[in-house]
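Only one structure is covered here, and it is reproduced in the block below.
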Amino acid sequence: MSHESLPQFLAKIDLFEGLSKDTLSDLIERGTTLKVPAGSHVVEQGAHDAGLQVVLEGSAAVEVNGVVREPLEVGGYFGEVSLIDGLPRSATVVAGPDGLTTFALSALAFEPVVKENPEVAQALLKALTARIRSLESQS
């Protein structure tokens, strides 16, 4: 992400692509950038916190029910499911060997944006549907 701005970077992520510049700016204003040292737990499976994080720099290991999943790289994201349903986290995410920098958006910050901008909800539904189809094709 070092060569482009946060709005340009996020506009390329499937969750945010197609959103107006104003809506994207609103999301960015409501979020924050987090830096996590290598090996630190970012989220724990079963935790009751909710929020979306997009990987800006670094990588992260992902584990679900003790099973290692594909690592998250720049442009990947996690937390979108708990952001929507408010249920506990479905995975543990640990910062990779070079640490992790993310754009983070809490459920509290995200909810008014969705209510005021239906295109955000539509983009989120499209991204989730794509993930479900991808998982089904792996079965």
Side-chain angles (χ1 to χ4, degrees):
M1 194 196 96
S2 59
H3 298 297
E4 59 189 334
S5 70
L6 184 57
Q8 290 171 326
F9 181 83
L10 292 178
K12 295 178 182 177
I13 306 297
D14 61 355
L15 282 177
F16 305 121
E17 90 184 331
L19 297 182
S20 72
K21 287 183 181 183
D22 288 343
T23 301
L24 195 53
S25 291
D26 189 21
L27 282 169
I28 291 169
E29 285 178 25
R30 294 171 186 265
T32 189
T33 301
L34 300 176
K35 291 186 182 247
V36 182
S40 295
H41 284 229
V42 184
V43 297
E44 290 281 340
Q45 184 173 356
H48 290 278
D49 61 334
L52 170 71
Q53 292 189 50
V54 179
V55 178
L56 302 176
E57 295 176 349
S59 63
V62 179
E63 191 175 292
V64 178
N65 298 324
V67 177
V68 175
R69 299 293 175 100
E70 287 290 317
L72 290 165
E73 303 290 338
V74 172
Y77 52 86
F78 57 95
E80 72 283 2
V81 174
S82 67
L83 187 71
I84 294 169
D85 66 13
L87 295 176
R89 296 285 188 168
S90 60
T92 295
V93 178
V94 179
D98 296 324
L100 183 68
T101 302
T102 66
F103 169 73
L105 192 63
S106 72
L108 189 61
F110 187 71
E111 188 176 339
V113 176
V114 172
K115 287 182 178 179
E116 296 165 15
N117 303 282
E119 72 268 21
V120 174
Q122 187 174 12
L124 189 57
L125 286 170
K126 284 182 181 180
L128 289 173
T129 302
R131 281 200 177 189
I132 290 168
R133 288 185 184 277
S134 174
L135 290 170
E136 287 176 342
S137 71
Q138 294 172 13
S139 300

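Residue numbers run from 1 in the order of the sequence given. The structure presented is a predicted model; accordingly, all values stated were derived computationally and were not measured.
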Beyond-backbone contact of Leu124 with Phe110, side-chain heavy atoms, under 4.5 angstrom: yes
For Glu119, side chain to side chain contact (heavy atoms under 4.5 Å, CB included) partners two or more places apart: Leu19, Ser20, Thr23, Asn117
Results of side chain to side chain contact (heavy atoms under 4.5 Å, CB included) for Gln122 - residues two or more places apart only: Lys126
ILVMFWY cluster, Val43 and Leu72 together (side-chain gap under 4.5 Å): yes
Ser82 (side chain) donor-acceptor with Pro88 (main chain) under 3.5 angstrom: no
Residue pairs involving residues 32-43 (criterion salt bridge (charged side-chain N to carboxylate O under 4.0 Å, His left out); sequence neighbours excluded): none
Over all atoms of both residues, closest heavy-atom pair of Gly75 and Ile13: O-CD1, 3.3 Å
Heavy-atom pair of closest approach, residues Val114 and Ala121: CG1-CB, 3.8 Å
Closest non-hydrogen atom pair between Ala91 and Val64, with its separation: CB-CG2, 3.6 Å
Pairs satisfying salt bridge (charged side-chain N to carboxylate O under 4.0 Å, His left out), at least one member in residues 10-23, at least two apart: Glu4-Lys12
By side chain to side chain contact (heavy atoms under 4.5 Å, CB included) - contacts of Arg30 (at least two apart): Asp26, Leu105, Ala109, Pro112, Val113, Glu116
Ser90: partners by side chain to side chain contact (heavy atoms under 4.5 Å, CB included), with sequence neighbours left out: none
Within residues 99-112 or reaching into it, pairs that qualify as side-chain hydrogen bond (donor to acceptor under 3.5 Å, both in side chains) - sequence neighbours excluded: Gln53-Thr102, Glu111-Lys115
Closest approach of Phe103 to Leu27 (non-hydrogen atoms, all atoms of both residues): CZ-O, 3.6 Å
Rounded distance [0.5 Å steps], CZ in Phe16 versus OH in Tyr77: 9.0 Å
Closest non-hydrogen atom pair between Ala123 and Leu15, with its separation: CB-O, 3.2 Å
Heavy-atom check, side chain of Val62 versus side chain of Phe78, under 4.5 Å: no
Same cluster (ILVMFWY, side-chain, under 4.5 Å), Leu56 and Leu34: no
Pairs satisfying salt bridge (charged side-chain N to carboxylate O under 4.0 Å, His left out), at least one member in residues 42-55, at least two apart: Asp49-Arg89
Sequence-distant partners of Asp98, salt bridge (charged side-chain N to carboxylate O under 4.0 Å, His left out), two or more places apart: none
Atom pair CG/CD1 of Leu10 and Ile28 - distance to nearest 0.5 Å: 5.0 Å
Minimum heavy-atom distance between Ala95 and Val42, given as atom pair plus value: N-CG2, 3.9 Å
Side-chain touch Val55/Glu73, heavy atoms, less than 4.5 angstrom: no
